[in-house]
Amino acid sequence: MSLASFAVQLLNGLASASSLFLVAAGLTLIFGVTRIVNFAHGSFFMLGAYVGWSAGHVLAAALPASPLSFWLAVLAAGIAVAALGAVIEVLILRRIYAAPELLQLTATFGVLLIAGDATLALWGAEDRLGPRVPGLSGTVPVLGYAVPSYELALIAIAVAVFALLTLLLRRTRFGVLVRAAAENREIAGALGIDQATLYTTVFALGSFLAGAAGALALPREPANLGMDLAVIADAFVVTVLGGLGSIPGAFIAALAIGVTKALCIAAGTIEVGGIALALPRLARVIEFIVMALVLLVRPTGLFGTQSTPAAQSISGHRRLEPPGRIAAWSALALAAGAALLPALAGSYAAVLATDILVAALFTASLQLLTGSGGMASFGHAAWFGIGAYAAAWMSLAGYPFALAVIAAPIAAAAVAAAFAGLSSRVSGIHFAMLTLALAQILWSGALDWEPVTGGSNGLIGVWPPPALADPRHYYALVLAICAIALVALVAVAFTPYGYALRASRDAPLRARACGIAVGRRRREAIWLSAAFAGLAGALYAFSKGGVGPDSLAIPRSVDALVMLLLGGLSAVFGPLAGAAALTWLQDTLARSTEYWHAATGIAILVLVLVFPDGIATLGNVARALRRSGARA
Amino acid sequence: MLRSVLFAAAAALAAAGSLGPHAALAQPIRLGEINEYKQFPAFLAPYQKGMQLAVDEINAKGGVLGRPLEVISRDDNGVPGDAVRAAEELTAREHVALLMGTFASNIGLAVSDFARQRKVLFIAAEPLTDKLVWQDGNEYTWRLRASTYMQTAMLVPDAVKTGKKRWAIVYPNYEYGQAATETFKQQMIAQGGSGLEFIEQPVPLGKIDPGAVVQALIDDHPDAIFSSLFGPDLARFVREGELRGLFKGRPVFDLLGGEPEYLDPLKDEAPVGWYVTGYPWYAIDTPEHRAFLAAYRAKFDDYPRLGSVVGYSTVKAAAAAIARAHSTDTAKLVAAMANLRVATPFGEVTFRAIDHQSTMGAFVGRLAVRDGKGVMVDFHYADGKDFLPPDDVVRRLRPAAR
Amino acid sequence: MTAILELSGVTRRFGGVAALSGAGFAVGEGEVVALIGPNGAGKTTCFNVIDGTLRPDAGEVRFAGARITGLAPEVIAHRGIGRTFQVASTFGSMTVRESVAIAAAAHARRDGRFAAPPLATHSAPIDALLAAAGIAALADQVCATLAWGDAKRVELALVRAGSPRLLLLDEPAAGLEPDSRRTLMQQASALARNDGVAVLFTEHDMDVVFGFADRIVVLNRGAVIADGPPAAIRASAEVAEAYLGSAAPAAAKVDTPRASPSMDG
Ligand SMILES: Nc1ncnc2c1ncn2[C@@H]1O[C@H](COP(=O)(O)OP(=O)(O)OP(=O)(O)O)[C@@H](O)[C@H]1O
Ligand SMILES: [Mg+2]
């Protein structure tokens, strides 16, 4: 690579970084102030692109060949999406600020599902390529290379937005409030800040940036239905890498990622000690690798501080009530009903129930980590996937079924123990992102390590032995294993260990001063929870006849979080209830409407708003009603 | 707003509830269909229309074996495990005669393995992976669409003719792109001889970094380019490459670039002169296709995409198999698939007994812009049967047929 | 009297601020010592250094004759140091009974057992702990809902569940009604008198300080400026100057009789 080429590749990286910054700036603002893990931010970006595309068409007809039409369309997209963001904040998110923080993630996930289907309904399935920008449609010669002038303009826009946001935050009253709220919610409240207005404003501003960024992306990529998911993970990486709520941090993080990616692509395949390394392949996960390395060295990101609440354990935990006699009898009745299910409802009911049980076990393993342990994980699929791959690989290598199933939790726990050791200094949302990074790196590895993992196609031919080939028989086995594992997980929560873990979550300093080895308890929670997730993965692999990279991918991690929060973060029946609700909903809705993502999203929103503590606390609700009725 | 959300949810739940077990009207023959409707809507929306057209045509003529056909579709959300669950549901609860569909290779393979395990016929519609009929081929799985190998092989003769030696290959970094790259290199060496050089540029699916990729390719100074990009990645690559002058003086081949699904969004920016495979529905002048086009337009007031042809032909293949087997019994259906001849808009195709691959071909031609739209010109139909390896090689490629 | 706790030359800086600079003092077995000083003098930092929450930049902490500098808080807790926090800290999601039970289990090193029977929350020792702290009536209340004063009493019960040989109490009486203050402090001094537990406490209320301390250590800007019996501290002009910010003798304000004179040796 010549020096000129290197320099121009840096410029290319800068251009990519610019669009990344524009999306991430909005996310970091929202995240920093409201602590909302806004999954719908990518949807706002996508909607911005589509609105920009439509507005561009209308305006181009009104103002032919004028560059104004494009810029007005960008503004229109920003404003439209800002309005939508404000509406969502007021109608949905505001109602659940008091609930566990992760519940807002669940709600925004519902919004993401609805937004995707709404876009499909409004704009159709075909990709929409925007026009080039009049006046910026050509190239500028740079060191002998033709660089598109629009990309240079994009860099200028990013710098301008950075400067404007910095001014806004440093020089205005609004900025002071935003920074106060980002530093410390309680202090901000004490200062008499009108939280509701501030949150709505910040949410609208962040959405504006996402929408405008979507429209600004149009000259480089067609508006398409995959944009939401393509951008969201990177935006989160930039936000966390830079330090939550830090605009300069987001700017530098975006630069770091954009430039590293460009250089990986430019470097091509290099030889290191006789091994050929295809660096462009790393483009898939380089942002996660960079983030993981930074978090291991600086646990709160480049510009983050330990004092921000996001660095602490997630809060808002309810008491985990020990199951009483009623709960024990219901569990027994449930198990008996489950055992009779295939006889009563046929073999497909057994298949569906198998999926529900596996999902419940996976979710329950997350409950140990996130509920009792207070450690949110955005990458819990890592353990599920390791278990699934380990079992599949053993089975294909000819080992007996039982051995393959046993190997799965061991493999997952072993990797988790190593991960726990490495990540012990990282906490809060940063820990969650580190788990995501691990899952993404494993996912990419599964895609690339063809000989062992089967690459993107995964491994097939992984079926249980003939005696269990009938789905009803396999279900019986899964029921037995999951029942034992679920009971074991509930039991663990009420052992001295379970209490120590919750004590560490509630008040880590107090717990340590009481002699609880908080760090050790947490590391144990990571590998224990991984073991159960790995077991769920193995059962999954054998129920589906194989395993693929999807078992490690983001949607599976998100599913577990959504099921946990739907069911109840601090309810012993939460995982089972959440898994049953979501799996059944998806299975039923997918069969009944083309727009079943939206239908699922609406159902999630309704459940979240009606049962912020989870549907498994229905019983509590009933009890509370009865009590208040008795008093009245 | 909240009330209307609640209302919509209630409506959705009510709709779900009313769906109970189907009435025991076992009259129609049910075909179970599984696809990634949410992941690839641009391809699969026209595909669904194609299926519908075929079903209506068949039923208008009295159905098959005197019974009407009914397609029961399931969305697998792009997850192999969900596809397997849908397959379980279709077989156990809906008692379908056979399974068909799928777009992505990983889903196709998962359903194919399910078909082997549960002993049910699976007609794969679209998945391109060679493994489906070769390495991982099995008794119960048959495929309609021309494979990655076949489509790549269709472009190789023109690529050889360019006489270029130094090739840059850019591909989406998963099995489809990797297989296309491998096949291209092998076939070029087999047909193009010595002195060939290949430089590879894998890009993450759906997340190409076009500026950096295009410049890296420019720096590689290739004589020509072979790409297997499609969808938004292709659009971004085209725009950036045109701007930066990557394509000037270099022949470019793109595996799927002529399919309306990927070509139409480019409008007047369709890269002129590229060699592609695809579907020039506007200029195919055969009786079969004229009839298909007229019927499709009359029914949907829209033009067909390649997905329409695939959906239409898949249903036709299923109907032909049932008619030939005179039964919906799996063993008889599987037997009927061997050397089954099916009339499609591309002409008659045959499901080869040797590897269960149909001989459906594709159109090979070059891109041009007419009336502000991308079109294929100078094209010809490449019959699938001419782009498959010799039988002894195929037998070696299909070791187990488990 | 042998010293159970000795600090020497302890320095701890936060950026430019030296919260502690070369602080040194000792606490004897069964002794009740008050650590006083104006806001920001370094009292809490001193506690944090002793219990291992913070590492000192220089200096040494010895407990029961062994060096404990740099050990983890949980290790130090097991050596026999218990502490309360300036803002009482309890386990918000648990009932009072559950929290005391887990604190006792942790003391018995049973907090790592996950393949074990459930945590025993109803047992005689736990009832005794609750009763001793006067919180039996609160046993089934969830800690997050405790009133300020109740939280302080619960926290003290958590600490006592660890049977410490040295108690560090950070402003134990702050924010309490005079009655509750007295009961809480009496509990602490009873521990010292009856069980030989050493008590080191910080406090801004001079009534409490002079009412309960055997000895007083005065910190100012991170350094010990006085260390002696209450009478001497009361008389010290330097303390009055630095701490009270005026020349008025401390004695003028402090006039409470000792709360438990009978035990005084
Ligand atoms: N974690 C920390 N980071 C930065 N500075 C700190 C930290 N903890 C304490 N300080 C500073 O160290 C100094 C001593 O604080 P410390 O809390 O020890 O005082 P204190 O004597 O307990 O005061 P108070 O009577 O108000 O409780 C103060 O200037 C304080 O601002
Ligand atoms: Mg203090």
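Keep in mind the model is a prediction, meaning the values are calculated, not measured. Convention: sequence-line order gives letters A, B, ...; per-chain numbering from 1.
- When heavy atoms are compared at a cutoff of 4.5 Å, B:Thr129 approaches chain A solely by way of its side chain, counted from C-beta outward.
- Neither the backbone nor the side chain of A:Leu229 comes within contact range of chain B; no heavy atom of the residue lies under 4.5 Å from a heavy atom of that chain.
- Per-residue heavy-atom pair counts under 4.5 Å with chain B were compared for A:Ala262, A:Gly124, A:Pro280, and the maximum is reached by A:Pro280.
- Most heavy-atom pairs under 4.5 Å with chain B, from the set A:Val285, A:Leu120, A:Leu11, A:Val351: that is A:Val351.
- Heavy atoms only, all atoms of each residue included: A:Tyr475 and A:Ala353 are closest at CE1-CB, 3.3 Å.
- Your options are A:Leu447, A:Thr593, A:Asp355, and the one with the most heavy-atom pairs under 4.5 Å with chain B is A:Asp355.
- Of the charged side-chain nitrogens involved, none lies within less than 4.0 Å of a carboxylate oxygen, so that A:Lys544 and A:Asp550 do not count as a salt-bridged pair.
- Both the backbone and the side chain of B:Leu266 come within less than 4.5 Å of a heavy atom of chain A.
- At a threshold of 4.0 Å, the pair A:Glu450-A:Arg281 does not count as salt-bridged, since none of the basic side-chain nitrogens sits closer than that to a carboxylate oxygen.
- Contacts of A:Ala223 with chain B are absent, with no heavy-atom separation under 4.5 Å from either backbone or side chain.
- The greatest number of non-hydrogen atom pairs below 4.5 Å with chain B, out of A:Arg128, A:Arg284, A:Gln586, is found for A:Arg284.
- Remark: B:Arg74 does not engage B:Asp82 in a salt bridge, criterion side-chain N to carboxylate O under 4.0 Å.
- Note: B:Phe114 and B:Tyr140 fail the aromatic proximity criterion, with ring centroids not under 6.0 Å apart.
- Here the two rings, on B:Phe230 and B:Tyr176, have centers that are under 6.0 Å apart.
- Qualifying ring pair (Phe, Tyr, Trp, His ring centres under 6.0 Å) partners for A:Trp53, counting only residues two or more places apart in sequence or in other chains: A:His57.
- Contact annotation for A:Arg132: both backbone and side-chain heavy atoms come within less than 4.5 Å of a heavy atom of chain B.
- Both the backbone and the side chain of A:Val8 come within contact range of chain B, with heavy atoms under 4.5 Å apart.
- In this structure, no portion of B:Tyr37 lies under 4.5 Å from any heavy atom of chain A.
- Of the residues considered (B:Glu261, B:Lys267, B:Arg305, B:Arg244), B:Arg244 shows the highest number of contacts with chain A, using heavy-atom pairs under 4.5 Å.
- Both the backbone and the side chain of B:Gln215 have a heavy atom closer than 4.5 Å to some heavy atom of chain A.
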N/O donor-acceptor pairs under 3.5 Å from side chains in residues 200-212 of chain B, not counting sequence neighbours:
from: B:Glu200; atom 1: OE1; to: B:Tyr171; atom 2: OH; distance (Å): 3.1
from: B:Glu200; atom 1: OE2; to: B:Lys185; atom 2: NZ; distance (Å): 2.4
from: B:Asp209; atom 1: OD1; to: A:Ser16; atom 2: OG; distance (Å): 2.8

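- The greatest number of non-hydrogen atom pairs below 4.5 Å with chain B, out of A:Gly138, A:Gly13, A:Pro219, is found for A:Pro219.
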